[in-house]
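Heads up, the thing below is written out as structure tokens.
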Protein chains: 2
Amino acid sequence: MSNCCGFNIEELADAFKALSNPNRLQIFQRLVSCCTPGTLCSVEDLNGLCVSELGEDLSVAPSTLSHHIKELQHAGLIKTQRRGKNIDCFVDPEKVELLKQFFNSQ
Amino acid sequence: MSNCCGFNIEELADAFKALSNPNRLQIFQRLVSCCTPGTLCSVEDLNGLCVSELGEDLSVAPSTLSHHIKELQHAGLIKTQRRGKNIDCFVDPEKVELLKQFFNSQ
DNA sequence: ACAACAATTCGACATATCTCGAATTATAGA
DNA sequence: TCTATAATTCGAGATATGTCGAATTGTTGT
């Protein structure tokens, strides 16, 4: 577990890998921007989109979409929660904050 | 060329892909942190490290290191400049700014 | 219990990536 | 010109990734 300047390189690399696929990046971007300005994205606020909504303008098979959601989840970028037949997705604000700080470290 | 919320998804994905490899991320992190605080990273300032210096604590073959440098360059994250036998590397502050803004878009 | 819908798992395939060693190019200095 | 050093290019091999279709699981409503 290599550590550099307070950042865990492996953790960051995993996050960037998850964002390196255009389809996944679009999913993430959509989740980030779906939160109403001024409010935090969190599970409590329920500012999320279900899996099928996230794949609407993506032209990938449901199985591929599911795979991408899991990748984002394993990288710690999003969290999920079942709501009836749907699975809602939410950005993890702490991880986003970590990434912000990385690029702000001069 | 897909565009979302003012961001070019392909461009961002290329940058994240370049940062998704732990070795490349460490190279980038080292370049980012080598700039003296308060100063901008730019070719003019010559606040760079040569290729071999960047690979010192990385335990990869020179050919691999060269490959990674080129990946970072193609993604627009760094710029290079020959100085005698060495090739100096510099972070591109504009690209870093773009990535900052992406994570700051709520 | 059954049908419909949402999502996941699994196996397979094509493609991309990471890495290396060997050979090559570029530069500086004797 | 010759040698040493820095870096790159090239080809190859192992591994990882993106994608799909088919089958399966979980949930709701009839």
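Lettering follows sequence order; numbering is per chain, from 1. Computation of the quantities below employed the complete heavy-atom set of this structure, encompassing side-chain atoms and omitting hydrogens, waters and symmetry-equivalent molecules.
With respect to A:I87, the side chain to side chain contact (heavy atoms under 4.5 Å, CB included) criterion is satisfied by exactly one of A:L54, A:I69, A:T80: A:T80. Test B:H68, B:H67, B:H74 against B:K70 for side chain to side chain contact (heavy atoms under 4.5 Å, CB included) and you get one pass: B:H74. Of the residues A:K79, A:R83, A:R82, the one that meets the side chain to side chain donor-acceptor pair (under 3.5 Å) test with A:D88 is A:R83.
The CZ atom of B:R82 sits 7 Å away from the C1' atom of D:dA7 (whole-angstrom rounding). The interatomic distance linking B:L65 (CG) with C:dG21 (P) rounds to 14 Å, in whole Å. Per the geometry, CG belonging to B:L49 stands 15 Å off C1' belonging to D:dA6, to the nearest Å. One atom, CD1 of B:I69, and another, P of C:dT19, lie 13 Å apart when rounded to the nearest Å. Separating the CD atom of A:E71 from the C1' atom of D:dT19 is a distance of 12 Å, rounded to the nearest angstrom. One can place CD of A:Q81 at 14 Å from P of C:dT8, the figure rounded to the nearest angstrom. Taking atom CZ of residue A:F16 and atom C1' of nucleotide C:dT17, one finds them 19 Å apart after rounding to whole Å. Going from atom NZ of B:K70 over to atom C1' of C:dC18 covers 14 Å, rounded to whole Å.
With contacts defined as side-chain heavy-atom distances shorter than 4.5 Å, the pair B:L19/B:L77 qualifies.
Between A:S52 and C:dC5, a side-chain N or O to OP1/OP2 separation shorter than 4.0 Å is absent. Side-chain N/O atoms of B:N21 include one lying less than 4.0 angstrom from OP1 or OP2 on C:dT19. For the OP1/OP2 pair of D:dA6 and a distance below 4.0 Å, the side-chain nitrogens and oxygens of B:N86 include no atom meeting the criterion. Listed pair B:K17 / C:dT17 meets the phosphate criterion, a side-chain N or O lying under 4.0 Å from OP1 or OP2. At least one side-chain nitrogen or oxygen of A:R24 sits closer than 4.0 Å to the OP1 or OP2 atom of D:dG18.
Out of D:dT17, C:dC18, D:dG21, the shortest distance to the side chain of B:H67 is found at C:dC18. Side chain of B:V60, nearest nucleotide from C:dT8, C:dC20, C:dA26: C:dC20. Side-chain proximity of B:K85 to C:dT27, D:dG18, C:dT9: nearest is C:dT27. Distances from the side chain of A:N23 to the nucleotides D:dC20, D:dT19, C:dT27 place D:dT19 closest. You'll find that the side chain of B:P62 is closest to D:dT8, out of C:dT19, D:dT8, D:dG26.
Across all strands, A:S63 comes closer than 4.0 Å to base atoms (heavy-atom distances). Across all strands shown, B:H68 has heavy atoms under 4.0 Å from sugar-phosphate atoms exclusively, and none from any base. If you check every strand for non-hydrogen atoms under 4.0 Å, B:T64 touches a base.
Here CG of A:L99 is found 8.5 Å from CD of A:E11. Values are rounded to the nearest 0.5 Å.
Aromatic rings from B:F102 and A:F16 are positioned such that their centres are separated by 6.0 Å or more.
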